[in-house]
Amino acid sequence: MLTGKKILLGITGGIAAYKSAYLVRLLKKAGAEVRVLMSDAAKQFVQPLTFATLSQNPVYTDFFNPENGEWHSHVKLALWADLYIVAPATANSIAKMAHGIADNLLLTTCLSARCPIMIAPAMDLDMYSNPATQDNLATLRSRGYLVAEAGEGLLASGLSGKGRMAEPEEIMDEVVRFFAGNGSMRGRRILITAGPTREKIDPVRFISNYSTGKMGYAIAEELASRGAEVLLVSGPVQVTAHNKRITLIPVTTAEEMYTQCVEQFSGCDGAVMSAAVADFTPADTANSKIKKTGDEMLLRLVPTKDIAAALGKMKTGKQFLAGFALETDNEMQNAQKKLESKNFDFIVLNSLKDKGAGFGYDTNKVTIVSRSKGVVSYDLKAKTLVAKDIADQIEEEFTQKSAV
Ligand code: CTP
């Protein structure tokens, strides 16, 4: 799978360093050439000999060999690699990478690298959730770093939470995807709707919903990382888009989202409708704040335009259209109905009955119902990983459409 690929593996000082020994084995088994760089702290956890033996190459830890003065060129190492993986990446090293600090060979090589860099964060839960670490990760993502998401579970501190280094098999999956899928969507232009809409009642009030936009933004990032140009039409959310190939088109109301989507769709290869669009909007918006009178207040609502259905009518044979169905009852039946009524090629069903799925969570549990593959159910997983499953289905749609 990775025959001929040159992989540089940087190991920083965390207990998860022991897992990286197995990662080296997996990489070697897949045919990759592996060279290992270790920070001083990493050597406290695992001996360089372990990695030298597994990688069948000397391990680099210093700028030069203290015995014979041989210079270890970080520039040469960085130029050699097709991919540089830093696993485990501690909070300290992530912070240094984000700020361009180069106080060891491993970090200097990061600054010199022309190849993509993938990091696998590993730390205690509070260090991981600290805004400083999250900001540093966001900075690195915005610079195109790939992140093998940390998992949740028991940590070395004895506490339990998010911060565990991704398992070697998971990192391996990312690496395989990187080499296989890198650029697979280059030249594609995809429209995505995300987040909630806000329907104005008066200057200080609106009707909205609990959508956070996390799923739509994760899809946008995934498609962009595969080389697609993404137009992200988004309602008001707290999340941000990082990849430079994502163009954000901020909107507030369902009507604004409709106008943007109808305008942009014909120039796209397809669209994913992940926004939670309000189905109703106030018939009249008051220009001044509505004052209470002591009487009951009746609000007359009128339906909004169905954006997905409109794009379903515009869709050509070369374009795909995908949607979401968030259901509480008769899930499959409703999803099938929406697939037909909105002319979707596939629909992603999530049920509010599933724990950890739906609004606000970082995880989701979905079933994809497609015309090409029927019904496929997936396990509960991080939204970033669900985005990969959805992106794979989009690739399938492109394959089907180009075969026609
Ligand atoms: N959708 C849309 N425009 C709307 C309403 C929904 O584009 N005005 C899209 C959503 O983004 C989603 C799909 O249609 O991809 C299904 O949305 P959902 O809210 O589940 O369905 P509705 O059509 O609103 O039907 P209902 O509320 O009756 O379940």
Side-chain angles (χ1 to χ4, degrees), residues 190-200 206-220 223 230-237 249-266 268 270-283 301-315 319-354 357-360 364-371 383 386-387 389-391 393-394 397:
I190 300 174
L191 177 73
I192 298 180
T193 65
T197 63
R198 286 181 181 172
E199 309 305 319
K200 292 171 193 156
F206 56 81
I207 298 173
S208 193
N209 56 65
Y210 292 113
S211 171
T212 57
K214 282 181 185 168
M215 194 63 250
Y217 276 63
I219 298 169
L223 299 184
V230 176
L231 295 180
L232 180 58
V233 182
S234 173
V237 291
I249 304 177
V251 294
T252 306
T253 64
E255 181 65 30
E256 287 166 12
M257 190 174 269
Y258 174 87
T259 305
Q260 286 297 335
C261 289
V262 168
E263 203 173 300
Q264 302 289 349
F265 187 55
S266 56
C268 294
V272 183
M273 309 273 93
S274 70
V277 188
D279 288 329
F280 298 96
T281 189
L301 302 176
V302 292
T304 55
K305 291 177 186 146
D306 191 320
I307 304 166
L311 300 195
K313 287 203 182 94
M314 288 171 70
K315 190 178 79 167
Q319 290 173 303
F320 81 88
L321 185 64
F324 273 76
L326 180 67
E327 304 290 343
T328 53
D329 306 288
N330 300 325
E331 291 97 339
M332 190 52 71
Q333 221 178 330
N334 283 326
Q336 302 268 17
K337 243 198 215 155
K338 282 177 193 170
L339 183 80
E340 293 304 328
S341 66
K342 305 200 188 209
N343 197 17
F344 288 138
D345 292 277
F346 70 90
I347 189 157
V348 183
L349 165 66
N350 43 31
S351 167
L352 276 185
K353 283 180 184 157
D354 287 319
F359 292 140
N364 206 355
K365 185 175 183 329
V366 304
T367 299
I368 297 183
V369 186
S370 66
R371 295 175 196 270
K383 282 186 174 165
V386 175
D389 295 330
I390 293 169
Q393 181 62 39
I394 293 172
E397 299 300 335

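All of these numbers come straight from a predicted model, not from anything done at the bench. Any value given below was found using the heavy atoms of this structure, including those in side chains, with hydrogens, waters and symmetry copies removed. One-based numbering, in listed order, for ligands and for the atoms of each.
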(request) Show your reasoning for whether side-chain contact (heavy atoms from CB on, under 4.5 Å) applies to Tyr217 and Lys383. (result) CA-CA 9 Å; Tyr217 276 63; Lys383 282 186 174 165; over 6 Å; no
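Considering backbone and side-chain atoms together, Glu327 places no N or O closer than 3.5 Å to any N or O of ligand 1. Residue Phe344 places no N or O, backbone or side chain, under 3.5 Å from any N or O of ligand 1. Backbone and side-chain nitrogen or oxygen atoms of Gly323 are examined, and none is located within less than 3.5 angstrom of a nitrogen or oxygen of ligand 1.
Protein heavy atom at the shortest distance from atom 1 (N) of ligand 1 is Lys342 NZ, 3.8 Å. For atom 13 (C) of ligand 1, the nearest non-hydrogen atom of the protein is Phe324 O, 3.2 Å. Protein heavy atom closest to atom 4 (C) of ligand 1, with residue, atom name and distance, is Val277 CB, 3.5 Å. Annotation: atom 3 (N) of ligand 1 to nearest protein heavy atom, Ile307 N, 3.0 Å.
Nearest heavy atoms, Phe320 versus Phe346: CD1-CE2, 4.5 Å.
A cation-pi arrangement is present between Lys305 and Tyr258 under the rule of less than 6.0 angstrom and at most 45 degrees off the ring axis.
Applying the side-chain contact (heavy atoms from CB on, under 4.5 Å) test between Asp306 and each of Lys342, Met273, Lys313 identifies Lys342 as the sole match.
Applying the side chain to side chain donor-acceptor pair (under 3.5 Å) rule to pairs touching residues 321-332 yields Glu327-Asn334, Glu327-Lys338, Glu331-Ser351, sequence neighbours excluded.
Per-residue contacts place Thr304 under 4.0 angstrom from the following atoms of ligand 1 (heavy atoms of the residue considered): 8 (N).
Residue nearest to atom 10 (C) of ligand 1, selected from Ala278, Ser341, Ala275: Ala275 (by heavy-atom distance). When the options Lys305, Lys338, Met273, Glu255 are ranked by their closest heavy atom to atom 26 (P) of ligand 1, first place goes to Lys338.
Counting heavy atoms under 4.0 Å from ligand 1, residue Asp306 touches it through both backbone and side chain. When heavy-atom distances to ligand 1 are checked against a 4.0 Å cut-off, Asp279 comes that close only through its side chain, counted from C-beta outward. Counting heavy atoms under 4.0 Å from ligand 1, residue Ala308 touches it through both backbone and side chain.
Note on ligand 1: Ala254 sits outside its first shell, no heavy atom being nearer than 4.0 Å.
Looking at Arg371 and Glu340, a side-chain N of the basic residue comes within less than 4.0 Å of a carboxylate O on the acidic one, giving a salt bridge.
Shown here, atom 17 (O) of ligand 1 is in close reach of the protein: a heavy atom of it lies under 4.0 Å off.
In this structure, Met215 and Ile390 have side chains that are in contact, with non-hydrogen atoms separated by less than 4.5 Å.
Remark: side-chain polar atoms of Ser274 are paired, donor with acceptor, to backbone N or O of Thr193 under 3.5 angstrom. No donor-acceptor pair closer than 3.5 Å links the side chain of Glu199 to the backbone N or O of Phe280.
With 3.5 Å as the limit, one finds a donor-acceptor pair spanning the side chains of Glu397 and Gln393.
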